[in-house]
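The structure appears below as structure tokens.
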Amino acid sequence: MAPAVLRTVEEVKAWAAGLAREGRRLALVPTMGYLHEGHLSLIREGRRRAEVVAVSIFVNPTQFGPKEDLSRYPRDFEGDLTKCGEAGADVVFAPTPEVMYPPGYQTYVEVTEVSQGLCGERRPGHFRGVATIVTQLLALLRPAVALFGEKDYQQLQVIKAFNRDLHLGVDIVGMPTVREPDGLAMSSRNAYLSPEERQRALSLSRGLRAALTLLHGGTRDAVALTGAVRHELAAAGLREDYVALVDAERLTPLDVVTPGRAARLLVAAFSGNTRLIDNMALGG
């Protein structure tokens, strides 16, 4: 059954108020559309955790830089609606930019620590845009739980930070990265890759697995672990953006993986002109 489609702030407020009156628990899955199995896994988990599931589909202009791919970001709204219905979503909120950023809009949310470095350094203003739109969605829909993929790991930490600091009280759930059978992390931007670029993109997950193998063999040094990833990127001819071993919560750089302390190994690289990211838990 196809989900209902809401387009305006007034429609969303009225719908969410009805849920609140009925005492029904809502799960929210924010997306930019062009849905893949990673998104659908979030919807299905939302269905498990709540009585009602809403999906937002909005290509958010404030999280794109002036030279990034806003205009060509892949879109398939009708296909997305079908997928949402099959996965168990009840409602899709699909506003236009004018709905979320009307004339005179002037309020932005900025997280000052975990948004620094990594993608925050490479994409100035990106996480301010993410934090702003997700805050708006949480304020409008008032979900009990909101679900996000761990592939966008820094984004997940940014969202957890402002949810905590602004006392929003939403249960923010990070779900494991969903991968293609060959290991490539699912991403809407994979649609940009040529067959040859896609094959070379496998070096991201291959490098992360190589680092995990080193860790299991007793290697804990950040230089060696990040070096395993860089070796795979270089062998495939990818242009590295960054490779970093960081504390899993604070995202501060680590020199070694310490038993009992959760760490994360993150990578960003270009296959052709397409920027891809991936990450893996190490230790903890």
Side-chain angles (χ1 to χ4, degrees), residues 30 32 59-73 108-135 148-166 172 174 177 185 187-190 192-193 201 203-205 207-208 211 221-234 236-257 261-283:
M32 292 206 300
V59 182
N60 176 33
T62 65
Q63 68 188 72
F64 288 78
K67 296 182 179 180
E68 293 186 337
D69 57 344
L70 174 61
S71 62
R72 70 185 189 101
Y73 192 85
Y108 294 87
V109 177
E110 190 160 7
V111 176
T112 59
E113 291 185 15
V114 293
S115 66
Q116 302 303 303
L118 306 168
C119 288
E121 180 181 341
R122 271 63 174 188
R123 303 181 67 188
H126 170 68
F127 288 123
R128 186 179 82 151
V130 169
T132 299
I133 193 62
V134 176
T135 299
F148 301 86
E150 288 187 346
K151 183 184 75 69
D152 297 286
Y153 191 79
Q154 188 175 15
Q155 171 182 282
L156 176 61
Q157 302 312 308
V158 166
I159 292 166
K160 285 182 176 181
F162 73 70
N163 178 67
R164 178 189 65 243
D165 293 348
L166 299 179
I172 303 297
T177 301
S187 168
S188 299
R189 288 187 169 93
N190 290 349
Y192 299 151
L193 299 171
S203 60
L204 278 79
S205 58
L208 291 170
D221 178 69
V223 173
L225 296 172
T226 57
V229 181
R230 291 190 167 103
H231 173 78
E232 293 293 343
L233 297 180
L238 265 63
R239 176 162 58 92
E240 175 191 330
D241 198 11
Y242 64 75
V243 181
L245 179 70
V246 299
D247 179 89
E249 182 177 349
R250 300 182 62 191
L251 304 186
T252 49
L254 296 177
D255 294 326
V256 296
V257 177
R261 181 178 185 180
R264 208 87 184 184
L265 184 57
L266 298 97
V267 55
F270 290 86
S271 187
N273 292 321
T274 303
R275 185 178 184 273
L276 302 171
I277 61 173
D278 203 346
N279 68 85
M280 182 173 287
L282 297 182

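Note that the structure is a prediction, hence the values are computed from the model and not measured.
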Hits for side chain to side chain contact (heavy atoms under 4.5 Å, CB included) against L70, two or more places apart or cross-chain, chain-then-number order -> V59, P61, F64, R75
Test side-chain contact (heavy atoms from CB on, under 4.5 Å) on D255 and D221; report intermediate values, then the result.
CA-CA 6 Å; D255 294 326; D221 178 69; 5.8 Å; no
The criterion is side chain to side chain donor-acceptor pair (under 3.5 Å); which residues satisfy it with N60, sequence neighbours excluded?
T62, Q63, Y101
So, using salt bridge (charged side-chain N to carboxylate O under 4.0 Å, His left out) as the criterion, who are the partners of E249 when residues are at least two apart?
none
V109 and V134: side-chain contact (heavy atoms from CB on, under 4.5 Å), yes or no, with the steps?
CA-CA 9 Å; V109 177; V134 176; over 6 Å; no
What heavy-atom pair brings Y153 and A248 nearest, and what distance separates the two atoms?
OH-O, 2.6 Å
Please assess V243 against L233 for the test side-chain contact (heavy atoms from CB on, under 4.5 Å), listing each intermediate value before the final yes or no.
CA-CA 10 Å; V243 181; L233 297 180; 4.0 Å; yes
Verify side-chain contact (heavy atoms from CB on, under 4.5 Å) between D152 and I277, making sure each step is shown before the conclusion.
CA-CA 8 Å; D152 297 286; I277 61 173; 3.4 Å; yes
Taking only residues two or more places apart in sequence or in another chain, which ones pass side chain to side chain contact (heavy atoms under 4.5 Å, CB included) with K160?
L156, Q157, I172
Donor-acceptor pair, distance only, cut-off 3.5 Å: does the side chain of N190 make one with the backbone of A185?
yes
Between K151 and S187, the two heavy atoms sitting closest are CE-CB, 3.9 Å
Residues in side chain to side chain contact (heavy atoms under 4.5 Å, CB included) with A201, at least two apart?
L184, L193, S271, L276
Where do L225 and A211 come nearest, in terms of heavy atoms and distance?
CD2-O, 3.4 Å
E68: partners by salt bridge (charged side-chain N to carboxylate O under 4.0 Å, His left out), with sequence neighbours left out
R123
Counterpart residues, side chain to side chain donor-acceptor pair (under 3.5 Å), relative to Q116 (two or more places apart):
none
Any chance CZ of R122 has more than 12 other-residue heavy atoms, nucleotides or ligands included, within less than 6.0 Å?
yes
Smallest heavy-atom separation, V229 atom then G207 atom, equals CG2-O, 3.5 Å
Just grab all the salt bridge (charged side-chain N to carboxylate O under 4.0 Å, His left out) pairs involving residues 271-281, residues at least two apart or on different chains.
R179-D278, D241-R275
Any idea which heavy atoms bring V114 and A161 closest together, and the distance?
CG2-CB, 4.2 Å
Run the side chain to side chain donor-acceptor pair (under 3.5 Å) test against Y192 and tell me which residues pass, sequence neighbours left out.
D69
Scanning both residues in full, the closest heavy-atom pair of F127 with S115 reads CD1-O, 3.8 Å
Between R230 and T226, a side-chain donor and acceptor under 3.5 Å:
yes
Residues at least two apart in sequence or cross-chain that pass side chain to side chain contact (heavy atoms under 4.5 Å, CB included) with R239, listed by chain then number, are F270
Contacts satisfying salt bridge (charged side-chain N to carboxylate O under 4.0 Å, His left out) that involve residues 110-120 (not counting sequence neighbours) are none
The side chain to side chain donor-acceptor pair (under 3.5 Å) partner of N279 among R264, E150, Q154 is R264
Measuring from D247:CG to T252:OG1, what's the distance to the nearest 0.5 Å?
4.5 Å
Distance in Å, R164 CZ paired with I159 CD1, rounded so as to fall on 0.5 Å steps:
13.0 Å
Please identify each residue that fulfils ring-ring contact (aromatic ring centres under 6.0 Å, His included) with Y108, with sequence neighbours left out.
Y105
With the side chain counted from C-beta on, respond yes when Y242 and V267 share a heavy-atom pair under 4.5 Å apart, and no when they do not.
no
Drop me the distance from N163's CG to T135's OG1, to the nearest 0.5 angstrom.
8.5 Å
